Amino acid sequence: MNDDVEDLDIDDINDTDKPHLARFRILVCIDGSDESYRGLRYAAKIAKGEDVDIVLCYVRPADQGLSTGGLQMDVARGNMLEWGLELPGITYLKKGRDLLMELGNLRDDWEEKAIHTDISGTSLGDNKIDYVAKSGKKVVLKLKVARDVVTGILDQWELGHYDLIIIGASARWNGKGLKGFFDPAVAEKIAIHAPCSVLVARDLEIGHGHLLCTDGSEAAIDMIKKEAYIASLCECPISILAVAPDVESEVEAQKAVNNARKLLDDLNVNVVETLTRVGNAVEEIVEAGPDYSLIVLADGGKNGLERFFVGSVALKVMQSAHNSVMVVR
Amino acid sequence: MSDGDPELSKPGSVRARTAGRALKLVKPIAGLRRRGNYLYFWEKRWFFIAMAVGAGLMYMPTPDGLTTAGMTILAMSVVATILFVTEPVPLPTVALLIVIGQVMLMGIESKEVARSLMSDSVLFIMGSLMLAVAVVKQKLDTRIAWILVRMTGTKTSRIAFGIAMVSGVLASFVGEHTVAAMMLPVGITLIQLTSNDPKKVRNLAAVLLFSISYGCSVAGIGTPSGGARNAIMIGYWKEFFYDPLNPDTFQYLIDYVHWMMYAYPIFLIQVPFVTVILLVTFRPEYKDLSRAVVKLRAQVEKQGAMKAGDWVAILIFFLVLLGWIFGSAEYGMGTIAILGAAAFLIAGLVAWPDVNSGVNWGVVLLYAAAISLGVQMKDTGAAAWVAQNFLDILAPLGMDEGIGLWAAVSLLTTTVTNTMSNGAAVAVLGPIVLKLAVAAQESPIVIGYITAVSSAFAYLTVVGTPACTIVYASGYLKTTDFLTVGWKMVVMSTIIMLAAAGLYWPLLGG
């Protein structure tokens with residue numbers, strides 16, 4: 001197995017209290033769509049600092065065989081390679097690398113190291129190219145073979161313990177069609193199952209700031225601390241929103257907003273505006289969202305199973321939002 | 001690691017630290033750890049749902065007209081269908097479960113079950129897959145590309161028609177997966193030589209690549225060797241109706257030429273429609289591909305003249321074809337197919353490791369088990385029971401005879417085949433529709449053809465046909481493209497097939 005955590009102390013990676021001691025690791029899932037490259041641009045913006053690594057990952061689902069009528073897909077892929085054609089995964093990753101070059105996140109003088117790992121059941125296996133700067137900053141291109149895309153991405157998390165996964169919302173997000181009925185979209189599954197923060201990119205535009213949604217809970221406070229770190233990396237303007245279910249509790253919402261603002265002020269993070277609204281939390285957040293690059297929410301701290309059955313505001317916002325959403329864990 | 005436990009995912013907590021360290025130590029078994037949490041059950045949920053449905057059916061009181069054994073086999077079929085469609089476990093597992101179920105639930109002797117797994121259809125599937133790998137490895141695709149662009153010239157519409165026609169004619173004999181694998185690089189090369197920016201050639205890419213996949217799909221029905229489903233249907237006809245003592249049943253032994261007479265014209269008529277539908281739906285950005293064609297020719301000509309090995313490969317292939325046409329009645333199509341595979345190996349044109357890694361042997365196992373299940377459906381009377389009930393539903397709609405019934409069978413097959421591979425669809429539906437024909441006093445041959453032909457109408461999804469899956473791997477197509485153009489294809493194909501069934505087949509005396 002390849003080992004992305006070789007020289008990293010996991011304690012430090014997960015410890016946002018000492019962000020400058022650890023490396024912040026971003027996993028960007030590339031599937032060739034515009035959405036995924038917009039996500040990558042965003043990652044590039046966060047990753048301007050020396051202590052942020054970007055890993056680009058493309059997952060190729062292993063061929064089950066039946067859908068190709070018993071002829072292994074590798075035969076077709078092998079034939080493509082013999083014609084001198086590049087396989088799509090490689091093309092997508094290279095395009096991502098070129099984008100990072102263009103944005104200045106990757107330079108020619110970085111050390112390049114290619115690693116190949118055999119995976120049983122396919123002739124291609126996992127392929128990875130590391131680009132390492134002298135300062136230790138890394139950009140990794142990874143082509144992974146897995147049973148399915150979701151498993152691949154979650155396995156990749158196990159290897160690297162990323163702080164943030166960025167994934168494009170696919171057109172299938174709402175589970176249209178028959179397949180969607182029993183197989184929710186990849187981004188949705190990742191958002192449910194990933195143990196770290198997940199940014200679902202949907203028309204992600206840089207520069208409109210972050211909308212932090214707080215309910216004053218402990219999870220929200222935790223989220224604000226982490227978000228403060230990410231916002232400081234990308235120098236994004238921050239707005240804070242709290243939604244009260246009814247008029248009486250608006251005072252509490254105001255309190256939550258003030259607390260959050262104080263917290264951010266203490267961390268020397270500039271807050272542009274604070275808002276409170278009254279109504280259904282999901283609807284209000286979704287409605288306020290499009291003015292910002294990103295809606296940032298805390299995950300209620302439930303585990304995946306509860307998230308699925310009970311649902312949470314964060315997930316519902318993710319499902320119905322018109323723009324990008326980041327669930328912080 | 002920690003998604004099952006909220007405490008662990010909280011950064012900075014003591015538990016997260018220890019968990020982090022522990023994780024380093026237990027990394028080799030990380031996969032096992034994960035399987036220990038709920039995610040395993042979540043990913044496999046359809047397996048458990050299927051099993052629960054199966055158990056529920058087994059404990060339900062047996063309906064009138066159905067034996068206990070029939071009920072058991074019916075429950076197994078339902079479970080297998082759910083597993084085929086949702087794929088919670090690797091599909092060959094379903095085959096293993098069918099075998100286990102037949103022995104343990106049905107009480108059939110292990111020896112009998114083992115025997116029922118192998119048949120000429122299964123040998124044919126195995127042999128033709130080995131042949132497919134051998135044919136792709138011959139690198140004849142550059143020659144085909146050369147002939148193709150010579151014939152068609154440089155106009156996009158003509159190239160699209162040429163690709164669909166050439167892919168189709170080849171696929172009708174060697175199977176669609178083989179041709180899709182061979183033609184895919186030709187299509188991509190033409191696209192890339194036109195422009196390196198996928199966005200500028202999106203529609204062109206769709207037209208050329210769909211020409212390959214739909215050309216192959218409509219052709220797969222052309223001859224018995226065009227796809228596993230055809231061989232399976234031929235096997236069912238023989239198994240269900242043939243009686244060596246009764247000369248009246250000899251009509252159910254369908255040979256290669258007989259099949260071609262019924263199905264080949266349907267394929268040929270569809271090809272121009274495929275091209276028109278694709279051109280109208282996608283409107284390619286370039287009307288002329290002169291630049292790409294010139295470069296492709298140069299690239300192909302670099303290969304030099306045909307070598308002796310190429311000629312031998314073509315010769316073996318034609319001999320196999322002749323064997324299928326003239327020898328399959330006597331020796332069986334499966335025997336001819338494995339003879340061809342053996343010939344390629346003996347001639348040294350393909351290495352065994354290539355064959356071994358190129359064929360998904362699990363699929364052979366799967367078809368074997370599915371056919372065995374289908375035959376059990378017949379033997380226990382379950383197929384006839386389902387057919388009768390289906391007919392009772394259709395009767396009030398006036399669809400229990402003639403063209404109404406044909407349309408109903410076609411619709412049923414199209415629905416099923418879009419959710420699973422077309423071979424599996426025919427294996428599962430075959431017994432039911434054939435018994436349906438008997439109950440409705442229709443010709444089982446006509447109904448059988450309609451099922452086999454309709455099973456090719458899996459234009460709507462990526463997984464529907466092998467050709468679609470292979471072409472999708474190029475990365476140029478979106479899943480939504482299949483829906484955009486697929487429904488037009490379904491309508492076109494269904495109309496042409498029903499017209500053939502109503503107007504053309506009666507002329508053949510079917």
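By convention in this document, chain letters (A, B, ...) are assigned in the order of the sequence lines, proteins followed by strands, and residues within each chain are numbered from 1. Values in this document were obtained by computation on a predicted structure and should not be read as measured data. Computed from heavy atoms alone, side chains included, the values below leave out hydrogens, waters and symmetry copies.
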Please check if the number of heavy atoms outside B/D197 that lie under 6.0 Å from its CG is greater than 12. yes
Among the options A/G89, A/A76, A/G78, pick out the one with the most heavy-atom pairs lying under 4.5 Å from chain B. A/A76
Compare every heavy atom of A/N79 with every heavy atom of B/P185, then report the nearest pair and how far apart it is. CG-ND2, 3.6 Å
Is chain A contacted by the side chain of B/S128, its backbone, both, or neither, given a heavy-atom distance below 4.5 Å? neither
Part of A/M80 within contact of chain B (heavy atom distance under 4.5 Å): both
What heavy-atom pair brings B/G358 and A/V75 nearest, and what distance separates the two atoms? CA-CG2, 3.5 Å
Quick check on B/T178 against chain A: is it the side chain, the backbone, both or neither that has a heavy atom closer than 4.5 Å? backbone
Atom pair CD (A/E86) and CD1 (B/I188), whose distance is rounded to the nearest 0.5 Å: 11.5 Å
Within this structure, what is the CE-CH2 distance for the pair B/M182 and A/W83, rounded to the nearest 0.5 Å? 10.0 Å
Is B/V186 close to chain A through its backbone or its side chain, or both, or neither, when contacts mean heavy atoms under 4.5 Å? both
Minimal heavy-atom distance between B/L129 and A/G70, with the atoms involved, is CD2-C, 3.6 Å
Output for pair (A/T91 OG1, B/Q192 CD), nearest 0.5 Å, gives 7.0 Å
Could you measure the distance from the CG atom of B/N356 to the CD atom of A/Q72? Nearest 0.5 Å is fine. 10.0 Å
Considering residues, nucleotides and ligands other than B/W361, do more than 12 of their heavy atoms fall under 6.0 Å from its CH2? yes
Side chain, backbone, both or neither: which part of B/K139 has a non-hydrogen atom closer than 4.5 Å to chain A? side chain
Would you check if B/D141 and A/E82 make a side-chain contact, meaning some heavy-atom pair closer than 4.5 Å? no
If one checks every heavy atom of B/A473 against chain A at 4.5 Å, the contacting part turns out to be both
Between CG of A/L85 and CG of B/L184, what distance do you get to the nearest 0.5 Å? 8.0 Å
